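The next block holds one structure in the form of structure tokens; read it before the comments.
If you read the sequence from its start, that first residue is 1, and numbering goes on from there. In what follows, every heavy atom counts, from backbone to side chain, and hydrogens, waters and symmetry copies are set aside. Just so you know, these numbers come straight off a predicted model, no measurement behind them.
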Amino acid sequence: MIALGGTIGTGLFISAGTSLATAGPGGALVSYLLMGVIVFFLMSSLGEVATFTPIAGSFNEYASRYGDPAIGFALGWNYWFNYVCVTASELVASGIVMQNYLPHINGVLWSLIAAVILLALNLFSVRGYAEAEFWFAAIKVVTVVVFIIIGIVVAAGGLGHKTYGFENWRIEGAPFYDGVPGVLATLVLTGYAFQGTEVIGITAGEAEDPVKTVPKAVRQVFWRIMIFYVSCIFLIGLIIPFNDPSLVGASTENIGQSPFTMVFKMAGLGPAADIMNAVILTTVLSAGNSCVYIATRTLWNLAMHGQAPAVFRKVTRRGIPIWCLALSLGVATGIFLLSLIGNQVVYTWILSLAGVTGFAAWAGISFSHLRFRKAYVRQGYDVRDLPYKALWYPFGPAFCLAIILVIILGQGWPSFAGGFHAQTFVSSYVSVPIILALYVAWKYAKKTKWVRPEQADIIRDSIFDPESDVYISGRNSKAAAVAHQSSFVSTASIKAEQSKPTML
């Protein structure tokens with residue numbers, strides 16, 4: 001539910017209209033289906049690695065452990081910055097949405113109130129975060145289910161006094177507007193809408209029984225997202241013409257142009273805009289809640305592995321990385337305040353820096369899975385013993401990695417359309433040299449080397465007990481912890497003991 005709630009957001013409720021206008025109904029559907037395939041392989045890869053080695057804030061650690069510590073360092077800091085920037089954008093959006101209800105109150109006040117709410121949700125316990133995210137997700141899921149039902153009725157002519165069928169697929173330019181380039185351009189938007197599914201890897205280290213919960217979450221999240229996203233984009237393409245000018249006007253400032261709102265109005269539901277405003281506000285808080293949690297755990301994981309200052313290892317008695325939370329939310333609030341300065345150029349450029357990092361994290365997951373499986377086999381372990389085995393290995397992660405790299409490179413495609421646009425080009429690709437610079441800097445400073453598969457540390461933090469040659473189910477549960485401690489004290493356990501977080 002956490003990954004599902006973190007994924008269904010403004011990318012679906014608002015940006016779906018832009019995808020339809022860019023690629024047409026058929027192109028948008030193909031884009032969503034292709035992204036669904038990518039997410040399937042991605043979640044399958046993540047499920048295998050995170051089930052075997054459940055670590056909080058895991059992506060950068062997997063890349064460090066199985067590839068190169070410099071890669072983990074670059075991915076970790078960029079992933080942290082990505083979610084700090086997204087948190088800032090959600091703070092901006094919360095103020096805009098609230099001004100639709102109370103226009104005489106400055107939106108900055110509402111944004112700061114939202115920051116306090118996010119702080120409270122993440123300050124006291126992981127349970128508080130999970131409980132809030134569950135209810136946020138429930139509201140969004142109900143909205144999507146209601147939309148699918150109403151969309152089917154409207155398309156069939158039961159509401160709105162018109163039967164649409166596939167007539168909007170037969171208008172001029174449809175169903176594949178602008179052909180392959182249109183689909184490629186839409187992949188970038190679709191990818192942003194799907195980002196957030198990888199949050200399962202962040203939370204795996206705090207799951208009570210990752211052997212059971214992580215594979216279950218991987219399977220459920222993929223199918224639910226495919227059903228929700230693909231159904232929604234298909235129904236929107238049936239009901240709304242792709243050349244409707246309202247589709248490209250959707251934003252948090254003008255929720256009336258959201259394709260969801262347009263379909264509700266076609267069904268004769270007058271208060272659709274107010275309903276969607278409430279849902280968007282919930283979506284903003286949900287996304288902000290997830291982003292703060294992810295940024296906090298990512299920074300804590302960096303500190304625990306010596307890639308961030310040691311002060312960020314400190315946790316409260318409830319297990320909250322307090323200084324990581326303070327820095328993450330503090331920087332996000334600072335970036336939000338930059339949006340109030342001048343013409344927002346600084347704010348826009350900072351957000352552009354984070355544009356590619358979500359995809360970089362996905363690429364890191366596929367890369368880490370390829371390296372993990374290679375190390376696992378080279379060290380003499382049997383793949384059949386894995387508690388969760390990814391499907392179609394190695395094609396799955398290799399295909400996923402290749403397509404993600406194409407998407408990253410394709411982000412700047414609009415900068416070449418109708419002549420070269422330098423500002424668009426730089427803002428699209430500025431993240432790439434920054435990631436490379438972080439990699440080179442850490443590699444030079446620490447003299448890191450690529451980890452040989454035979455020497456990769458696949459046992460530390462894993463659910464495997466090398467002494468008794470068994471897998472420990474429910475590693476994080478109390479019963480499993482007692483059994484684990486009584487069975488052996490391994491070298492890996494000693495290493496973990498030496499890197500314990502500091503308790504406040």
Problem set entry | Approximate separation, where rounding is to 0.5 Å, of Ile322 CD1 and Leu327 CG | 12.0 Å

Problem set entry | Distance-minimising heavy-atom pair for Ile458 and Ala375 | CG2-CB, 4.0 Å

For this session: Decide side chain to side chain contact (heavy atoms under 4.5 Å, CB included) for Leu121 and Ile117; before the verdict, give the C-alpha distance in whole Å, the side-chain angles of both, and the deciding distance to 0.1 Å.
Result: CA-CA 6 Å; Leu121 291 174; Ile117 293 173; 4.0 Å; yes

Seminar exercise, completed: Looking only at heavy atoms, the pair that brings Pro259 and Phe13 closest together is CD-O, 3.8 Å

For this session: Please check if the side chain of Gln307 supplies one atom and the backbone of Trp77 the other of a donor-acceptor pair under 3.5 Å.
Result: no

Seminar exercise, completed: Closest non-hydrogen contact found for Val451 with Ser64 is CG2-O, 3.8 Å

For this session: Using the test salt bridge (Lys or Arg N to Asp or Glu O under 4.0 Å), find all partners of Arg373 that sit at least two apart in sequence or belong to another chain.
Result: Glu48

Exercise. Say you draw a straight line from CD1 of Ile38 to CG of Leu401; how long is it, rounded to the nearest 0.5 Å?
Worked result: 11.0 Å

Exercise. Trp362 versus Phe194: any side-chain heavy-atom pair under 4.5 Å?
Worked result: yes

Problem set entry | Within-4.5 Å side-chain heavy-atom neighbours: Trp80 and Val331 | yes

Exercise. Do Ser286 side-chain atoms and Thr283 backbone N/O form a donor-acceptor pair below 3.5 Å?
Worked result: no

For this session: Measure across Leu75 and Ala360 and return the closest heavy-atom pair with its distance rounded to 0.1 Å.
Result: CD2-O, 3.6 Å

Exercise. When you measure from the side chain of Ser89 to the backbone N and O of Val86, does any donor-acceptor pair fall under 3.5 Å?
Worked result: yes

Problem set entry | Trace of the ring-ring contact (aromatic ring centres under 6.0 Å, His included) decision for Phe425 with Phe420 | CA-CA 8 Å; Phe425 176 83; Phe420 180 70; 5.5 Å; yes

For this session: Take atom NZ of Lys449 as the centre, draw a 6.0 Å sphere, and report whether it contains more than 12 heavy atoms from other residues, nucleotides or ligands.
Result: no

For this session: Calculate, to the nearest 0.5 Å, the distance between atoms CZ and CD1 belonging to Phe372 and Ile365 respectively.
Result: 14.5 Å

Problem set entry | Nearest non-hydrogen partners of Trp110 and Ser94, listed with the distance | O-OG, 4.2 Å

For this session: Find out whether Val37 and Phe41 are in side-chain contact, i.e. whether some heavy atom of one side chain is under 4.5 Å from a heavy atom of the other.
Result: yes

Exercise. CD1 of Ile459 to CZ of Phe52: how many Å apart, nearest 0.5 Å?
Worked result: 4.5 Å

Exercise. Checking Lys314 against Phe312: charged group under 6.0 Å from the ring centre and within 45 degrees of the axis?
Worked result: no

Exercise. Please walk me through it: do Phe73 and Thr448 pass side chain to side chain contact (heavy atoms under 4.5 Å, CB included)?
Worked result: CA-CA 11 Å; Phe73 175 81; Thr448 65; over 6 Å; no

For this session: Without swapping roles, check the side chain of Arg65 against the backbone of Arg460 for a donor-acceptor pair under 3.5 Å.
Result: yes

Exercise. So, the side chain of Ser111 versus the backbone of Leu91: is there a donor-acceptor pair under 3.5 Å, distance only?
Worked result: yes

Exercise. Hey, does Leu112 have a side-chain heavy atom less than 4.5 Å from the side chain of Thr333?
Worked result: yes

For this session: Kindly say whether Ser328 contributes a backbone atom to a donor-acceptor pair with the side chain of Tyr83 at under 3.5 angstrom?
Result: no

Exercise. Is there a side-chain contact between Thr282 and Trp135, using heavy atoms and a 4.5 Å cut-off?
Worked result: no

Seminar exercise, completed: Looking only at heavy atoms, the pair that brings Asn122 and Ile320 closest together is O-CG2, 3.5 Å

Exercise. Would Phe260 and Cys232 satisfy side chain to side chain contact (heavy atoms under 4.5 Å, CB included), going step by step from the backbone distance to the final call?
Worked result: CA-CA 9 Å; Phe260 279 69; Cys232 287; 3.9 Å; yes

For this session: Mark yes or no for whether Thr186, through its side chain, and Gly182, through its backbone, hold a donor-acceptor pair below 3.5 Å.
Result: yes

Seminar exercise, completed: dist Tyr32:OH -> Thr190:OG1 (nearest 0.5 Å) comes out at 5.0 Å

Problem set entry | Minimum side-chain heavy-atom gap Phe367-Pro397 below 4.5 Å | no

For this session: Under the side chain to side chain contact (heavy atoms under 4.5 Å, CB included) rule, what do Met98 and Leu281 come out as? Steps first, then yes or no, please.
Result: CA-CA 8 Å; Met98 286 304 300; Leu281 181 60; 3.6 Å; yes

Problem set entry | Pairwise distance NE2(His305) to CG(Asn60) - rounded to 0.5 angstrom | 8.0 Å

Exercise. Would you say Leu42 and Ser366 make side-chain contact, with heavy atoms under 4.5 Å?
Worked result: yes

